[in-house]
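Within every chain, numbering begins at 1; the chains are lettered A, B, ... in the order of the sequence lines, protein sequences first and strands thereafter.
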Number of protein chains: 4
Amino acid sequence: MMTAAASGRPSKREAIIETAERLFADRGYDATSTALIAHEAGVPAGLVFYHFATKLDLLLAIVHERPTPGEVLRTAARGRSVHRRLRAVVSSMAEELERNRAARIIVFREAQARPEIAERAAELFDEATTTVAEILSGAEDVVAEPDRVRTAADLIVSRVFLDIIALGQADTATKRHAAMIDLIEESLTTPHAE
Amino acid sequence: MMTAAASGRPSKREAIIETAERLFADRGYDATSTALIAHEAGVPAGLVFYHFATKLDLLLAIVHERPTPGEVLRTAARGRSVHRRLRAVVSSMAEELERNRAARIIVFREAQARPEIAERAAELFDEATTTVAEILSGAEDVVAEPDRVRTAADLIVSRVFLDIIALGQADTATKRHAAMIDLIEESLTTPHAE
Amino acid sequence: MMTAAASGRPSKREAIIETAERLFADRGYDATSTALIAHEAGVPAGLVFYHFATKLDLLLAIVHERPTPGEVLRTAARGRSVHRRLRAVVSSMAEELERNRAARIIVFREAQARPEIAERAAELFDEATTTVAEILSGAEDVVAEPDRVRTAADLIVSRVFLDIIALGQADTATKRHAAMIDLIEESLTTPHAE
Amino acid sequence: MMTAAASGRPSKREAIIETAERLFADRGYDATSTALIAHEAGVPAGLVFYHFATKLDLLLAIVHERPTPGEVLRTAARGRSVHRRLRAVVSSMAEELERNRAARIIVFREAQARPEIAERAAELFDEATTTVAEILSGAEDVVAEPDRVRTAADLIVSRVFLDIIALGQADTATKRHAAMIDLIEESLTTPHAE
DNA sequence: TATGAATGAGTTTTCATTCAT
DNA sequence: TATGAATGAAAACTCATTCAT
């Protein structure tokens, strides 16, 4: 007997998760009723609670069942120069966040009031920062010390996360990213005048 | 006949706003009942709706009746050097955000699902960035072009805002800020190698 | 010192009554709040309860402070023939009901659930029927017995009241009234074939 | 799997409708709380809103889920003479209205302030009038023209409706009906003297 | 006679969750 | 694994009425 997933038939559990993700991102967790999720997912109301014991469990499933930005970053192209690596890192992060926009919004928005999720948000942020720092420090032309590389990584990750979770002005993002890359690049490739 | 405000007697309207601000920040807008607000503010439940037609109106009052970070920044100390200005700007922003932490959290958290508030969030961010850029460009030792100054301002504001609205690790903030100031300072005072 | 009424200045009490009458007729007694009445009348909320001890008292004032249809009917023109009297009676009743439409609607609508008002509704109806019967029986060419005249009066009053209180199709009323007059006239002027 | 209806078990939805009908008629729509309805129907408060999205929907269900007086009239006995038909029509209408008294009261009382229901009230009235006119015009001894038959039908329906919706004096109704039948009969069976 | 804030009981409605089938 | 009715606690909001001034 094949599972729903293996058979290609979209499992109802998946449908619930995906619908919930979209709705939670659009209207917020509290403002989304389980009945609405069921309705929009095309499943009976009771089924939500067959698959998820509570509404919070459904939220946690969304929050944990996505690849982390860090994982994706690790596969980013690694050119020789800081410049190339910066560009690869920023664009692959932006892309990933865009792809999982709903999940990211949810994580960061709900983090404020829910310790469980705050922990996850911190995890995602730290992992991303660490990965970016690693990538940058591997470039040929880096002259900055590890701490400064970390600071640069932190600024980059902060700015790109903020795009998504609060002020997503997609139209101006590319230009802004280029300017940021430029500034950061210089600070990593210029000898630090003490 | 004296008004409540003039008489020094704390108006019940103020009590409601302040209590709501605290609770909204702690538990989220949706998760805070108007009954709880009234209870904690020490007023009868009905009074909330005498002063604010709807719960959303109460939220909007909180969101609009606070000084903006930009206003506060404008009064920040302006030393001669980029370094001094950066320090003044970062610390006064951090201080202001800390003071109005609740209101800021609310604005940015609730912005996701509420266009009216999203607009306000963008306003606050833009005003802060513009003000920071202005302050920095007035320093004696700036060599960077206006665009770069703006980019630097954007990075600073992003990072400090993010502290508050999502991942406020107050313990490491000071150190992180110093590192950021250092990096940014250099990028503004070092001639740009084209 | 002149009273408000005598001075020509519209008393606020009057304003409240008139506004309440309109609103009660449009939206129903229960669905009209005293706050709305005060607002639309342009008076402060507290004043309603200065003039009327309870909301029900305000309703009763409206219900009792209008001339009855019977009073108006008594002044209707009295021609010689049944025909003339019928026409006079029907048109003066229709006119009166139109003028006091709101009050009539209120009386009959609220009568269902409020004994005090049901009594008033029955009063208005009986008085009107009795007056119409009197007027008709005084015509020269009446041959019908008093009971039949009363029956005719009852049908007329029923039909005209119904126009107002439930199915007021003002456009077709005139034609309908003419046909009714015609039918009734004949029944009163033709010797009853036993 | 049997449905509640098929199983003979009284459905809770039905219980809600019937209880609401009674209470709305007795105390008025606005003055009847959904909590009271639920309580008297013996169901939990929440169930009302599972079956009816809003209180108004419950009212509309009552207003639309009853046979119309016209339908019932169509099955009224049709004797040969106008007299027999009049008696059959009046008594079957009175009976029907008595049986569905609550629903009729509700329709006509609530029509004033609610267009949706006003439409239904007009429908019920028109259908009844048309059916009565049809029945009367089929009698052997009718000499009146169609327009006059319609006028007679209108008077009859008006009077019987008014009994129910506003001034239901059940005690005198029978006598009044007999007198009305008498008057109307004559007007339909006597040649019209132009 | 006027005023507007205050009060608290009551209203409709929502909703996570349970349960019998 | 599904299903849809059922449940009851809690939510936002309304409102007649009171009261100090």
Side-chain angles (χ1 to χ4, degrees), chain A residues 1 3-4 11-13 16 29-39 43-58, chain B residues 1-4 9 11-13 16 29-38 42-58, chain C residues 1 3-4 11-13 16 29-39 43-58, chain D residues 1-4 9 11-13 16 29-38 42-58:
Chain A
M1 194 175 56
T3 63
S11 86
K12 298 196 175 180
R13 186 178 184 282
I16 291 168
Y29 172 77
D30 290 297
T32 304
S33 73
T34 57
L36 177 63
I37 294 168
H39 180 79
V43 306
L47 195 59
V48 172
F49 289 89
Y50 177 79
H51 287 296
F52 306 93
T54 68
K55 189 185 175 187
L56 186 59
D57 283 346
L58 173 54
Chain B
M1 192 175 52
M2 288 200 320
T3 63
R9 171 164 51 87
S11 93
K12 299 198 176 179
R13 186 178 185 279
I16 292 168
Y29 172 78
D30 289 297
T32 304
S33 75
T34 57
L36 178 62
I37 294 169
V43 303
L47 194 60
V48 173
F49 292 94
Y50 176 75
H51 288 295
F52 307 94
T54 68
K55 189 185 174 187
L56 184 58
D57 281 346
L58 172 54
Chain C
M1 192 176 54
T3 64
S11 85
K12 297 196 176 178
R13 187 177 184 280
I16 292 168
Y29 172 77
D30 289 298
T32 304
S33 74
T34 56
L36 178 62
I37 294 169
H39 180 78
V43 305
L47 194 60
V48 172
F49 289 90
Y50 176 78
H51 287 297
F52 306 93
T54 69
K55 189 185 175 188
L56 185 59
D57 283 345
L58 173 53
Chain D
M1 191 176 50
M2 287 199 320
T3 64
R9 172 163 51 87
S11 92
K12 300 199 175 179
R13 187 178 184 280
I16 291 167
Y29 171 79
D30 290 297
T32 304
S33 76
T34 57
L36 178 62
I37 294 169
V43 304
L47 195 60
V48 172
F49 291 91
Y50 176 75
H51 287 296
F52 307 93
T54 68
K55 189 184 175 188
L56 183 59
D57 281 345
L58 172 54

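Nearest heavy-atom pair, Ile16(A) versus Phe52(A), reported as atom, atom and distance to 0.1 Å: CG2-CE1, 3.8 Å. Closest approach of Leu56(B) and Tyr29(B) over heavy atoms only: N-OH, 3.0 Å.
Going from atom CG of Leu36(B) over to atom C1' of dA10(F) covers 13 Å, rounded to whole Å. Separating the NE2 atom of His39(C) from the P atom of dT14(F) is a distance of 14 Å, rounded to the nearest angstrom. Taking atom CZ of residue Arg13(A) and atom C1' of nucleotide dA2(F), one finds them 16 Å apart after rounding to whole Å. The distance between atom CG of Leu47(A) and atom P of dC19(E), rounded to the nearest whole Å, is 17 Å. Following rounding to the nearest Å, Ile16(C) (CD1) and dT1(E) (P) show an atom-to-atom distance of 12 Å. What separates CD1 of Ile37(B) from C1' of dA11(F) is a distance of 12 Å, to the nearest Å. To the nearest angstrom, C1' of dT17(F) lies 13 Å from CG of Asp57(C).
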Provide a list of protein-nucleic acid N or O atom pairs under 3.5 angstrom, restricted to nucleotides 11-14 of chain E.
{"from": "dT12(E)", "atom 1": "OP1", "to": "Thr32(D)", "atom 2": "O", "distance (Å)": "3.4"}
{"from": "dT12(E)", "atom 1": "OP1", "to": "Lys55(D)", "atom 2": "NZ", "distance (Å)": "2.7"}
{"from": "dT12(E)", "atom 1": "OP2", "to": "Thr34(D)", "atom 2": "N", "distance (Å)": "2.8"}
{"from": "dT12(E)", "atom 1": "OP2", "to": "Thr34(D)", "atom 2": "OG1", "distance (Å)": "3.2"}
{"from": "dT13(E)", "atom 1": "OP2", "to": "Lys55(D)", "atom 2": "N", "distance (Å)": "2.8"}

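The CG atom of Leu58(A) lies 11.0 Å from the NE2 atom of His51(A); values are rounded to the nearest 0.5 Å.
Distance noted for atom P between dT1(E) and dT21(F): 22 Å (whole Å).
Within the structure, the salt bridge (Lys or Arg N to Asp or Glu O under 4.0 Å) test picks out the following pairs touching residues 29-39 of chain C (sequence neighbours left out): Asp30(C)-Arg114(C).
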Output field dot_bracket for DNA chain F (Watson-Crick or G-U, both distances under 3.5 Å, | for other-strand pairs) contains .||||||||||||||||||||
Could you give the side-chain donor-acceptor pairs of residues 31-39 of chain C under 3.5 Å, partners two or more places apart or in another chain?
{"from": "Thr32(C)", "atom 1": "OG1", "to": "Leu23(C)", "atom 2": "O", "distance (Å)": "3.4"}
{"from": "Thr32(C)", "atom 1": "OG1", "to": "Gly28(C)", "atom 2": "O", "distance (Å)": "2.7"}
{"from": "Ser33(C)", "atom 1": "OG", "to": "Leu36(C)", "atom 2": "N", "distance (Å)": "3.0"}

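When distances run from any side-chain atom of Lys12(B) to the nucleotides dT3(E), dT7(E), dA6(F), the shortest one goes to dT7(E).
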